[in-house]
Structure formats: C-alpha cells, structure tokens
There are 2 protein chains.
Amino acid sequence: MAPDDALNATFAALADPTRRAILARLAQGEASVKQLAEPFAISAPAITKHLKVLERAGLITRGRDAQWRPCRLHAGPLRQVADWVEEYRRFWEQRLDRLEDYLRELQAQEQRHDPQS
Amino acid sequence: MAPDDALNATFAALADPTRRAILARLAQGEASVKQLAEPFAISAPAITKHLKVLERAGLITRGRDAQWRPCRLHAGPLRQVADWVEEYRRFWEQRLDRLEDYLRELQAQEQRHDPQS
DNA sequence: TGGTTAATTAACCAATTGGTAAATTAAAGG
DNA sequence: CCTTTAATTTACCAATTGGTTAATTAACCA
C-alpha cells in the first residue's frame, strides 16, 4: 500500500466513533466479535463490517480459536498519523502562544486602569 | 460541537489526500481558492466542496478580499487528534521493542552457530 | 456599462458507507 | 446426530461523498 493510501485508509477508519471505541476496547486486550459488539446497539454484521474496515487499514489483526475469531489491536499505522499531525503542532501551539500574549496584554492594561486591584 | 463529533469531522476531513494537500499548502500561508485549486486536476466547485468540509471541521477559516475568499489554516482541531493518537503510542512502541528483542535474539543465535563471524 | 475574474450554487451522477434481515458456514457439545 | 453459538455472506436500503457541467453572484476594471 502506498503511504498516501495507508493514511487515507487509517484516517477513514478512525472517522467512525464505533470503530474508535472498538480500538479502545482492544487496547485492554484481545476480544471476540460478540464481546466487541456487546456495548453497541447495532447488529453483528455491522460489527463485522467495521472490523473489515479496521483490518484493511491494518489497525487490527485476527486469529482463530474454535468458532471465535479474536481481534487484536495493531497500532502500527497510528505512527504515521502521529508523524503527520506532528508537522502541524507548531501551528496550534503558536496559536496558544498568541492567546497567552493577548491575555498578558489584557492583564497589563487592567493593571494600568485599576492599579490597586 | 460535542468532542466526539469534532473528532469524527476532523478524521473524516483528513481522510482525503486532496484535503491534506490543501492543508499542507496553507501551512505555507494564506491562499485563494484558485491558488489552492492550481495543483489539482479537478474543477473549482470540487475545491469549494473540499474547503467546506475543512471549514466544518474547523481546520480552516475564510476571509474576504474583494472577489477573493482567502483561506487560512486553523490547526486547533489537530490537537485533539494528537491527543487521541498519543493514547496508543505505547502499543506501537512496544511492537518495535519486541522487534528489537527478536533481532537481538536472532543475532545471538547467529553468534552461537557461527562464532568466528 | 459591459466584460473579465473569482467563487459559489444548483442539479445531477456513480460509488461508497453504515445499517438491516435472512441465509449460510463452522465448530462445540449434549 | 442434532442443537446451539459465533461469525460471515448475501442482498438490500437510504444517506453521504467526490466529482461533473451549467448557471449565478459579486467584485474589479477599462
């Protein structure tokens, strides 16, 4: 998979709250499809579809144990997401810096207008 | 916007390579719709739609300058993405640790089988 | 005023998505 | 062997997505 396609698939997989919840559950450890479905008000086939999306994005791997098909978290693709988003960190931090500057300036002005407070 | 919905919208917006390229371009500075469209082989209305997706996700803001509607990057929502993905860092780092362990083990075995190399 | 440029809106289309219910596969276990 | 349990496949549906072309809005400019 081209690195761009991998990011497309990973971001698309993460855009659904059910799938993010599934990943959060798998962070606690391996789970069967039924166990993963339990917290949600949706059918088993719907969960199967979500798992396929996660699997194609490489975010989970699947095993076999009798009639169960346990899922395991595979966080590898999230490293590219972290790398991608890191490129933009300076932009949101810069914004916070400017907010801090603004608040400091505001406070300084209040000091000048109301020296005894 | 509920925090969950914000993450949904942000991840969905980032799942398209055209939109990620637009953000990368805006990281260089403000740009008009025409300037943003220039690198792509798609129509102006298609760009307008992408910009609406980015705007609803809060990833860009838009101004007015005569007949131009300049776009600016607003990286704020990416902070939540960074925070979310950070929760999983230990999983992919653990994986690398295990790979390192495996490689060390492999090298140790080679040492035992072929001591003079 | 009339023409050009920038951008959006409207209407449409094909493909994808997230869901369902019903049928099927596969293994466990009395 | 038959039933139950786990999960998937199939077929379907409505809504969304990413794109198009044509028409419209809005501002500049000669």
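Because the structure is predicted, anything quoted here is derived from the model rather than measured. Reminder, nothing fancy here: chain letters follow the sequence lines and each chain counts from 1.
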Report task. Please determine if B:Glu86 and B:Arg89 form a salt bridge, counting it only when a charged side-chain N lies under 4.0 Å from a carboxylate O. Result -> yes
Query raised in the report: With respect to the side chain of A:Thr48, which nucleotide from C:dT9, D:dT8, D:dA27 is positioned closest?
Result: D:dT8
Query - Phosphate contact (D:dG18 OP1 or OP2) by B:Lys49 side-chain N/O below 4.0 Å - result: no
Report task. May I ask you to say what A:Ala66 touches in the nucleic acid, namely base, sugar-phosphate or nothing, with a heavy-atom cut-off under 4.0 Å? Result -> sugar-phosphate
Query - Closest to the A:Arg64 side chain, choosing from C:dA26, D:dA27, D:dA6 - result: C:dA26
**Report entry** Proximal nucleotide (of C:dT9, C:dA6, D:dT8) relative to the A:Arg62 side chain
**Finding:** D:dT8
**Report entry** Test applied, side chain to side chain contact (heavy atoms under 4.5 Å, CB included); reference residue, B:Thr10; option that passes from B:Asp5, B:Leu54, B:Val81
**Finding:** B:Val81
Query raised in the report: Parallel, tilted or perpendicular: which fits the ring planes of A:Phe11 and B:Phe11, with parallel below 30° and perpendicular above 60°?
Result: tilted
Report summary line: Rounded to whole Å, the CG-P distance (A:Asp65 to C:dA27) equals 12 Å
Query raised in the report: Any side-chain N or O of B:Arg19 less than 4.0 Å from the OP1 or OP2 oxygen of D:dG18?
Result: yes
**Report entry** Listed nucleotide nearest any side-chain atom of B:Val33, set D:dA27, C:dA7, D:dG18
**Finding:** C:dA7
Query - Pair partner, C:dT25 [Watson-Crick or wobble, under 3.5 Å] - result: D:dA6
Report task. With the side chain of B:His50 defined as its heavy atoms from C-beta on, choose the nearest nucleotide among D:dG18, C:dT9, C:dA26. Result -> D:dG18
Report summary line: Whichever of A:Gln67 and B:Ala44 has the more 5' nearest nucleotide on DNA chain C, that residue is B:Ala44
Requested in this report: Please step through side-chain contact (heavy atoms from CB on, under 4.5 Å) for the pair B:Val85 and B:Trp92, ending with a clear verdict.
Outcome: CA-CA 11 Å; B:Val85 81; B:Trp92 75 74; 4.2 Å; yes
